[in-house]
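Here the structure is laid out as structure tokens; the discussion comes afterwards.
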Amino acid sequence: MLIVALTGGIGSGKSTVGQIFEDLGAVVTDSDVLARNVVERGTPGFDQIVASFGDDVLKNGDLNRAALAEMVFKDPSKRTQLEHITHPLIRAAFAQIVQKSPSDSIIINQIPLLVESKHDYNFDHVITVSVSEELRRERLLKRGMSLSQINQRMATQSTDAQREAIADTVIRNDKSQADLLSEVEKVWEILQQKNKQKE
Ligand code: ADP
């Protein structure tokens, strides 16, 4: 089994790359989706958050994620408190995916904020997708995001250079989608080799 992290800035093409890996046979998961699942209404995560932060973080009985985000953005101690609840649950959710997967799987976890979130897992391999901010902006505008939304998100994320510093493999996604596909296929070969060597 090979445990891989896939990161990249917003609009770099992480989801596109993740989809290609899935088509090639990887087990692909997304840390943002796991993070949402562990605090859904009715989960122990949800109960713990309401117990710690009170009803202010609820809206129509569900977690008001925007209110919670604003609260922890303003108060670092609250952020730590929230992370103490969510991080173990996210780790457990990922561990369950690993447990359920065949023993020779290549498991790829998309983690947008890998640099920012410190390493919670031990990855066998880290991949980052790099593209100039200019090209990412262009692609995200086409996808329907506004320029201010894009700039705001980019400002809170680390840079390609910071992501490249922690990566074993850098995928440059500055050409066509067909070029990206053949680049990802090459990386897939490397991952398969590495997985075989581990056995
Ligand atoms: P992320 O998940 O990193 O935010 P996406 O995979 O959603 O990025 O890609 C952002 C946008 O750019 C999507 O609309 C995607 O279809 C497009 N895209 C990705 N790679 C390329 C490429 N090589 N050429 C043109 N458009 C691309």
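Predicted model only: the values in this text are computed from it and were never measured.
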Would Gln110 and Ser31 count as a side chain to side chain donor-acceptor pair (under 3.5 Å) if you check the C-alpha gap in whole Å, the side-chain angles of each, and the deciding distance to 0.1 Å?
CA-CA 6 Å; Gln110 293 178 49; Ser31 65; over 6 Å; no
Between Val98 and Phe94, is there a side-chain heavy-atom distance shorter than 4.5 Å?
yes
Rounding to 0.5 Å, atoms CD (Glu116) and OG1 (Thr156) come to a distance of 7.5 Å
Heavy atoms, side chains only, cut-off 4.5 Å: are Asp168 and Phe123 in contact?
no
Side chain to side chain contact (heavy atoms under 4.5 Å, CB included) between Gln192 and Ile106: does it pass, once the steps are laid out?
CA-CA 8 Å; Gln192 281 180 306; Ile106 297 177; 3.9 Å; yes
Between Lys194 and Asp124 (side chain of the first, backbone of the second, donor and acceptor by atom type, cut-off under 3.5 Å), is there such a pair?
yes
With no hydrogens and no angle check, just 3.5 Å: does a side-chain donor-acceptor pair link Asn151 and Ser148?
no
Spacing of Asn64 atom CG and Met71 atom CE [to the nearest 0.5 Å]:
9.5 Å
Find out if a path of hydrophobic residues (ILVMFWY) with successive side-chain heavy-atom gaps under 4.5 Å connects Leu89 to Ile111.
yes
Polar side-chain atom of Asn195 near backbone of Asp104 as donor-acceptor pair, under 3.5 Å:
yes
Is the number of heavy atoms from other residues, nucleotides or ligands within 6.0 Å of CD (Gln152) greater than 12?
no
Are Leu114 and Arg163 close enough, and set up right, to give a side chain to side chain contact (heavy atoms under 4.5 Å, CB included), and what steps lead you there?
CA-CA 8 Å; Leu114 184 67; Arg163 283 182 287 267; over 6 Å; no
On a heavy-atom basis, the closest approach of Ala93 and Val38 is CB-CG1, 4.2 Å
When hydrophobic residues are tied together by side-chain contacts of less than 4.5 Å, even through go-betweens, does Ile90 share a cluster with Val115?
yes
Option among Lys186, His125, Glu183 that satisfies the side-chain hydrogen bond (donor to acceptor under 3.5 Å, both in side chains) test with Thr169
His125
Are any of the side-chain heavy atoms of Leu63 and Ile49 separated by less than 4.5 Å?
yes
Could you state whether Ile10 and Leu6 fall into the same hydrophobic cluster, counting links through intermediate Ile, Leu, Val, Met, Phe, Trp or Tyr residues with side-chain heavy atoms under 4.5 angstrom apart?
no
I'd like to check Leu191 versus Phe21 (side-chain heavy atoms, cut-off strictly below 4.5 Å). Are they in contact?
yes
Does the side chain of Gln177 come within less than 4.5 Å of Thr16's, by heavy atoms?
yes
Mark yes or no for whether Asn173, through its side chain, and Ser12, through its backbone, hold a donor-acceptor pair below 3.5 Å.
yes
I need the Arg172 CZ to Asp179 CG distance, nearest 0.5 Å.
14.5 Å
Any Lys/Arg nitrogen of Glu83 or Arg79 sitting under 4.0 Å from an Asp/Glu carboxylate oxygen of the other?
yes
What distance do Asn109 atom CG and Leu34 atom CG have between them, rounded to the nearest 0.5 Å?
6.0 Å
Considering residues, nucleotides and ligands other than Arg137, do more than 12 of their heavy atoms fall under 6.0 Å from its CZ?
yes
OG/Ser15 to CG/Asp32 distance, rounded to the nearest 0.5 angstrom?
9.5 Å
Is there a donor-acceptor pair under 3.5 Å between the side chain of Thr128 and the backbone N or O of Val170?
no
Working for side chain to side chain donor-acceptor pair (under 3.5 Å), residues Ser130 and Glu164
CA-CA 8 Å; Ser130 285; Glu164 287 172 18; 2.6 Å; yes
Judged by atom type as modelled, is there a donor-acceptor pair below 3.5 Å linking the side chain of Lys14 to the main-chain atoms of Pro112?
no
With the 4.5 Å side-chain cut-off for hydrophobic clustering, are Val187 and Ile3 part of the same group?
no
Look at the side-chain heavy atoms of Ile, Leu, Val, Met, Phe, Trp and Tyr, link any pair under 4.5 Å apart, and say whether Ile107 and Val184 land in one connected group.
no
Student check: side-chain heavy atoms of Lys74 and Glu70 closer than 4.5 Å
yes
Heavy atoms, side chains only, cut-off 4.5 Å: are Phe73 and Lys78 in contact?
no
Main chain of Ser132, side chain of Asp160: is a donor-acceptor contact present, judged purely on distance under 3.5 Å?
no
With a cut-off of 6.0 Å (strictly less than), are more than 12 heavy atoms of other residues, nucleotides or ligands near NZ of Lys198?
yes
CD on Gln19 to CG on Leu24, rounded to 0.5 Å:
10.0 Å
Yes or no on side chain to side chain contact (heavy atoms under 4.5 Å, CB included) for Val27 and Ile108, after CA distance, side-chain angles and deciding distance?
CA-CA 6 Å; Val27 175; Ile108 299 187; over 6 Å; no
For Phe46 and Glu40, which heavy atoms make the closest approach, and how far apart are they?
CB-O, 3.2 Å
Could you tell me if the side chain of Val4 sits less than 4.5 Å from the side chain of Ile127, heavy atoms only?
yes
Candidate pair Ile20 and Trp188, rule side chain to side chain contact (heavy atoms under 4.5 Å, CB included), full reasoning:
CA-CA 10 Å; Ile20 297 171; Trp188 181 242; over 6 Å; no
Under 3.5 Å donor-acceptor, Ser105 side chain and Pro102 backbone:
yes
Flag, side chain of Gln149 to backbone of Ser146, donor-acceptor distance under 3.5 Å:
yes
